[in-house]
Asker: 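Would you mind keeping the following structure in view while I ask a few things?
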Amino acid sequence: MILVTGGAGFIGGNFVLDWLATSDEPVINLDALTYAGNLETLAPLAGDARHVFRQGDICDRALVDELLSTYRPRAIVHFAAESHVDRSIHGPGEFVRTNVEGTFTLLEAARAYWGTLEGDEKAAFRFHHVSTDEVYGSLGPDDAPFTETHPYEPNSPYSASKAASDHLVRAWYHTYGMPVVTTNCSNNYGPYHFPEKLIPLMIVNALAGKPLPVYGDGKNVRDWLYVKDHCAAIRVVLQKGRLGETYNIGGWNEKPNIDIVHIVCALLDELRPDAAGSYSRLITYVKDRPGHDRRYAIDARKIERELGWRPAETFETGIRKTVEWYLANPEWVANVQSGSYRDWVVANYGDRDASRVQVTA
Ligand code: NAD
Ligand code: DAU
């Protein structure tokens, strides 16, 4: 059994689906179901005894203690976070609460639980902290990509809160000997991505004939990784990563935002042509994000060298799969856009086996 936090979000949801597609080891999934949590993503697991969903807050120490003592997981994979930079600019408080206080609460609960384990169980236990490349700050055009030893220079409330959580995890290793590993990944894209982030927003806005808002001059660079490659990397680090280490994860796919938007438009032009003309006609430059980091790029050689992980998808194959997924799943998109995905929890899970799915929404 593993405990996953934030397993109803974009990456956590993909991780839980992929985990149970590749293994029979059960998952206890703790997620608060904020606006970003969507149990519809986990619909393929409805009725699957290997998946236990529990709605709750990682800041709730009593709840986390209860889950650990009841299910006795061999590992915690910690995804739960407030994740959107723009939201962190408008309301940083929730980011400090979930990302910093929540990680602290989880670490303390894990430390107490780990202290009760003995022998092989104790030696095998892992706390895997899922983090981001944004903690390293912004690169100049000719700077080398981020390595694991790059200084921490977070620039947004989001990245500052994630940096703080990374520091807590590191300190729990050095001070208490907690068996932790941290991964810092670049921008993910793929199925079940909430359409507030660049790629899914461009797809759903284009299909709705709405403007495609590009911040600033559109030349900020991100390094893109297909979400299932990120999930595979986490599985490898959980299995073979060295304790107390951090591993950068990235796809060697640096691209300016405006190129991404043009690629999405070209795929939609091919797969769902619009009689009004190319979707690129909808591109609209808008006011820049405050403190907008110019460039991220990940040097992923350590995880490749030490653990043998490499991405399976190129950007070309991954983005095609992503656009095809959004075209094939209009109901998921419509329910997110209307907000009815939140009612779906009660509609779909309300009368199911309460021992497996415990929701309060
Ligand atoms: P997301 O916003 O899609 O999902 C976050 C999930 O956490 C949601 O299901 C939400 O309900 C849950 N959650 C939020 N606050 C909670 C709380 N207090 N208690 C319990 N659950 C709570 O995020 P994501 O994009 O899937 O990111 C997952 C993790 O990966 C985050 O830690 C993020 O920092 C990191 N990350 C994301 C990316 C990316 O490109 N999306 C890249 C690198 C790292
Ligand atoms: O680098 C990893 C990070 O990637 C993760 O840690 C974050 O959780 C995740 O949200 C993502 O952060 P970004 O800020 O890079 O992602 P976002 O999709 O919000 O923006 C990507 C780029 O596109 C960024 O340069 C801002 C720009 N952008 C974004 C939106 C939403 C636009 O130009 N227009 C938009 O409407």
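We count ligands from 1, going down the list as the structure has it; atoms in each ligand are counted the same way.
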Asker: Show me which atoms of ligand 2 lie under 4.0 Å from any heavy atom of Thr132.
Answerer: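 Ligand 2 atoms under the 4.0 Å threshold to Thr132: 1 (O), 2 (C), 3 (C), 5 (C), 6 (O).
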
Asker: Between Phe146 and His150, how do the two ring planes meet: parallel, tilted or perpendicular, split at 30° and 60°?
Answerer: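 Correct class here is perpendicular.
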
Asker: How far is atom 1 (O) of ligand 2 from the closest protein heavy atom, and which atom is that?
Answerer: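 So the nearest neighbour among protein heavy atoms is Asp133 OD1, 2.5 Å.
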
Asker: Counting only N and O atoms by type, is there a donor-acceptor contact under 3.5 Å from the side chain of Asp229 to the main-chain atoms of Glu313?
Answerer: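 Checking the backbone N and O of Glu313 against the side chain of Asp229, a donor-acceptor pair under 3.5 Å is found.
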
Asker: Under a 4.0 Å threshold between the charged nitrogen and the carboxylate oxygen, would Lys302 count as salt-bridged to Glu148?
Answerer: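 Looking at Glu148 and Lys302, the cut-off is not met.
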
Asker: Quick check on side chain to side chain contact (heavy atoms under 4.5 Å, CB included): which of Val169, Asn99, Asp166 does Ser131 satisfy it with?
Answerer: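 Filter result, single survivor: Asp166.
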
Asker: Under 4.0 Å from a heavy atom of Val85: which atoms of ligand 2 are those, numbered in the order shown and with their elements?
Answerer: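 With Val85 as reference, the close atoms of ligand 2 come out as 14 (O).
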
Asker: Which residue supplies the protein heavy atom nearest to atom 43 (C) of ligand 1, what is that atom called, and how far is it?
Answerer: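 Scanning the protein heavy atoms, the shortest distance from atom 43 (C) of ligand 1 goes to Cys185 O, 3.3 Å.
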
Asker: Looking at Lys162 and Thr132, would you say the former's side chain and the latter's main chain have a donor-acceptor pair under 3.5 Å?
Answerer: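 No; judged by distance alone, with no hydrogens or angles, the pair does not exist.
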
Asker: Under 4.0 Å from any heavy atom of Lys197, which atoms of ligand 2 are there?
Answerer: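 With Lys197 as reference, the close atoms of ligand 2 come out as 10 (O), 18 (O).
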
Asker: Check each atom of ligand 1 against the heavy atoms of Leu33 and keep those under 4.0 Å away; list them by number with element.
Answerer: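 Those of ligand 1 that fall under 4.0 Å from Leu33 are 11 (O).
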
Asker: Looking only at atom types and distance, does a side-chain atom of Asp223 sit under 3.5 Å from a main-chain N or O of Ile298, one as donor and one as acceptor?
Answerer: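 Pair found, side chain donor or acceptor close to backbone of Ile298.
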
Asker: Looking at Arg50 and Glu25, does any basic side-chain N land under 4.0 Å from a carboxylate oxygen?
Answerer: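 Answer for the salt bridge query: no.
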
Asker: I need the nearest protein heavy-atom contact for atom 29 (C) of ligand 1: residue, atom name and distance, please.
Answerer: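 Here the nearest protein heavy atom works out to Phe79 O, 3.2 Å.
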
Asker: Counting non-hydrogen protein atoms only, what is the nearest one to atom 8 (O) of ligand 2? Give residue, atom name and distance.
Answerer: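 Ranked first by proximity to atom 8 (O) of ligand 2 is Ser83 O, 2.7 Å.
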
Asker: Verify the neighbour count for atom CZ of Arg235: are there more than 12 heavy atoms of other residues, nucleotides or ligands below 6.0 Å?
Answerer: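 Result for CZ/Arg235: enclosed.
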
Asker: Within ligand 2, which atoms have a heavy atom of Val214 less than 4.0 Å away?
Answerer: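 This gives 33 (O) as the contact atoms.
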
Asker: Under 4.0 Å from ligand 2, counting heavy atoms only, is it the side chain of Leu198, its backbone, both or neither?
Answerer: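 Both the backbone and the side chain of Leu198 come within reach of ligand 2.
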
Asker: Do the charged groups of Glu121 and Arg72 touch, with an N to O distance under 4.0 Å?
Answerer: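 Counted as a salt bridge, because a side-chain N and a carboxylate O are separated by less than 4.0 Å.
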
Asker: Decide yes or no on ring pair (Phe, Tyr, Trp, His ring centres under 6.0 Å) for Tyr285 and Tyr215, but give the supporting numbers first.
Answerer: CA-CA 6 Å; Tyr285 287 91; Tyr215 296 167; over 10 Å; no

Asker: Side chain, backbone, both or neither: which applies to Lys162 and ligand 1 if a contact is any heavy-atom pair less than 4.0 Å apart?
Answerer: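 Lys162 to ligand 1: side-chain contact only, backbone stays beyond 4.0 Å.
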
Asker: Kindly assign one of parallel, tilted or perpendicular to the pair Phe125 and Tyr113, based on the angle between their ring planes and the thresholds 30° and 60°.
Answerer: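 The rings of Phe125 and Tyr113 stand perpendicular, inter-plane angle above 60°.
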
Asker: Is there a donor-acceptor pair under 3.5 Å between the side chain of Ser138 and the backbone N or O of Arg294?
Answerer: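 Confirmed, Ser138 side chain pairs with Arg294 backbone.
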
Asker: For Tyr158, does its backbone N or O pair with a side-chain atom of Ser88 as donor and acceptor, under 3.5 Å?
Answerer: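 Pair found, side chain donor or acceptor close to backbone of Tyr158.
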
Asker: Looking only at protein heavy atoms, identify the closest one to atom 12 (O) of ligand 2 and say how far it is in Å.
Answerer: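 Sorting protein heavy atoms by distance from atom 12 (O) of ligand 2 puts Glu134 OE2, 2.7 Å first.
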
Asker: Assess Gly56 for proximity to ligand 1: is some non-hydrogen atom of it under 4.0 Å away?
Answerer: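 Checking ligand 1 against Gly56, which is what was asked, there is a heavy-atom contact under 4.0 Å.
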
Asker: Report the C-alpha distance between Asp57 and Arg97 in whole Å, list the side-chain angles of each, state the deciding distance to 0.1 Å, and finish with yes or no for salt bridge (charged side-chain N to carboxylate O under 4.0 Å, His left out).
Answerer: CA-CA 11 Å; Asp57 192 327; Arg97 199 187 78 83; 2.6 Å; yes

Asker: Under 3.5 Å between some N or O of ligand 1 and some N or O of Ala80?
Answerer: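 Not met; the criterion fails.
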
Asker: Got the closest protein heavy atom to atom 40 (O) of ligand 1, with its distance?
Answerer: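 It is Asn188 N, 2.9 Å.
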
Asker: How far is atom 25 (O) of ligand 1 from its nearest protein heavy atom, and which residue and atom is that?
Answerer: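 Its nearest protein heavy-atom neighbour is Phe10 CD2, 3.8 Å.
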
Asker: From the options Tyr136, Phe10, Tyr215, select the one whose nearest heavy atom is closest to atom 29 (C) of ligand 2.
Answerer: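 Residue with the shortest heavy-atom distance to the ligand atom: Tyr215.
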
Asker: Just need the protein heavy atom nearest to atom 1 (P) of ligand 1, so name the residue and atom and give the distance.
Answerer: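 Looking only at protein heavy atoms, the one closest to atom 1 (P) of ligand 1 is Ser83 OG, 3.5 Å.
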
Asker: Taking ring pair (Phe, Tyr, Trp, His ring centres under 6.0 Å) as the cut-off, I'd like each qualifying pair that reaches into residues 256-277, sequence neighbours left out, listed once.
Answerer: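 Qualifying pairs: none.
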
Asker: Given Arg222, Arg289, His84, which one has a non-hydrogen atom that is nearest to atom 14 (O) of ligand 2?
Answerer: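 Comparing heavy atoms across Arg222, Arg289, His84, the nearest one to atom 14 (O) of ligand 2 lies in Arg289.
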
Asker: Can you pull out the closest protein heavy atom to atom 44 (C) of ligand 1? Residue, atom name and distance to 0.1 Å, please.
Answerer: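 The protein heavy atom lying closest is Ser131 O, 3.1 Å.
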
Asker: I'd like the name of whichever of Tyr285, Tyr189, Tyr158, Trp224 reaches closest to atom 6 (O) of ligand 2 through any heavy atom.
Answerer: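 Nearest heavy atom to atom 6 (O) of ligand 2 lies in Tyr158.
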
Asker: Taking 4.0 Å as the limit for heavy-atom contacts, which would you say applies to Tyr158 with ligand 1: side chain only, backbone only, both, or neither?
Answerer: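 Looking at Tyr158 and ligand 1, just side chain atoms fall under 4.0 Å.
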
Asker: Any heavy atom of Glu196 closer to ligand 2 than 4.0 angstrom?
Answerer: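 Yes, that is the case, since the closest heavy atom of the residue is under 4.0 Å from the ligand.
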
Asker: I'd like to know if the side chain of Tyr296 reaches the main chain of Asn187, judged simply by a donor and an acceptor atom lying under 3.5 Å from each other, with no hydrogens or angles considered.
Answerer: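 No: the side chain of Tyr296 does not pair with the backbone of Asn187.
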
Asker: For atom 34 (N) of ligand 2, which protein heavy atom lies nearest, and how many Å away is it?
Answerer: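 Protein heavy atom at minimum distance: Pro213 O, 2.8 Å.
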
Asker: Aromatic ring centroids of Phe127 and Trp172 under 6.0 Å?
Answerer: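 No, the ring centres sit 6.0 Å or more apart.
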
Asker: Indicate, as side chain, backbone, both or neither, the part of Ser186 found under 4.0 angstrom from ligand 1 when only non-hydrogen atoms are considered.
Answerer: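 Near ligand 1, Ser186 shows its backbone, while the atoms from C-beta on stay back.
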
Asker: Ring centres under 6.0 Å, that's the criterion: do Phe194 and His84 meet it?
Answerer: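 So the answer is no for these two rings.
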
Asker: What's the shortest distance from atom 27 (C) of ligand 2 to any protein heavy atom, and which residue and atom give it?
Answerer: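 Checking every protein heavy atom, the shortest distance to atom 27 (C) of ligand 2 gives Asn257 ND2, 3.4 Å.
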
Asker: For ligand 1, which is the ligand I care about here, please tell me if Gly9 has any N or O atom under 3.5 Å from one of the ligand's N or O atoms.
Answerer: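 Yes.
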
Asker: Numbering the atoms of ligand 2 from 1, which are under 4.0 Å from a heavy atom of Leu201?
Answerer: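 Contacts of ligand 2 toward Leu201, numbered from 1: 36 (O).
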
Asker: Please report which non-hydrogen protein atom sits nearest to atom 21 (N) of ligand 1, along with the residue it belongs to and the distance in Å to one decimal place.
Answerer: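 For atom 21 (N) of ligand 1, the nearest protein heavy atom comes out as Ala32 N, 3.0 Å.
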
Asker: Could you find the nearest protein heavy atom to atom 26 (C) of ligand 2 and give me its residue, atom name and distance?
Answerer: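 Minimum-distance protein heavy atom for atom 26 (C) of ligand 2 reads His292 NE2, 3.4 Å.
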
Asker: Nearest protein heavy-atom contact for atom 4 (O) of ligand 2: which residue, which atom, what distance?
Answerer: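 Result for atom 4 (O) of ligand 2: Asn187 ND2, 3.1 Å.
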
Asker: Check each of Thr5, Asn14, Asp57, Asp31 against atom 18 (N) of ligand 1 and report the one with the nearest heavy atom.
Answerer: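 Selected option, by shortest heavy-atom distance: Asp57.
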
Asker: Looking only at protein heavy atoms, identify the closest one to atom 30 (O) of ligand 1 and say how far it is in Å.
Answerer: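 Minimum-distance protein heavy atom for atom 30 (O) of ligand 1 reads Val130 CG1, 3.6 Å.
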
Asker: Spell out, as yes or no, whether a donor-acceptor pair under 3.5 Å connects the side chain of Asn29 to the backbone of Leu3.
Answerer: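 It does not hold such a pair.
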
Asker: Look only at interatomic distance and state if His193 has a nitrogen or oxygen under 3.5 Å from any nitrogen or oxygen of ligand 1.
Answerer: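 N/O-N/O distance below 3.5 Å does not exist for this pair.
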
Asker: Do you know which of Leu106, Leu107, Val100 makes side chain to side chain contact (heavy atoms under 4.5 Å, CB included) with Thr103?
Answerer: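 Of the listed residues Leu106, Leu107, Val100, the side chain to side chain contact (heavy atoms under 4.5 Å, CB included) partner of Thr103 is Leu107.
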
Asker: At under 4.0 Å between heavy atoms, which part of Asn38 makes contact with ligand 1: side chain, backbone, both or neither?
Answerer: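 It is neither; nothing of Asn38 touches ligand 1.
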
Asker: Would you check if the side chain of Ser278 reaches a backbone N or O of Arg281 as a donor-acceptor pair within less than 3.5 Å?
Answerer: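 No.
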
Asker: Among Asn187, Ile58, Ile11, which one has a heavy atom closest to atom 37 (C) of ligand 1?
Answerer: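 Going through Asn187, Ile58, Ile11 one by one, Ile11 has the nearest heavy atom to atom 37 (C) of ligand 1.
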
Asker: Relative to atom 15 (N) of ligand 1, which among Val64, Thr98, Asp60 owns the nearest non-hydrogen atom?
Answerer: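 Selected option, by shortest heavy-atom distance: Thr98.
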
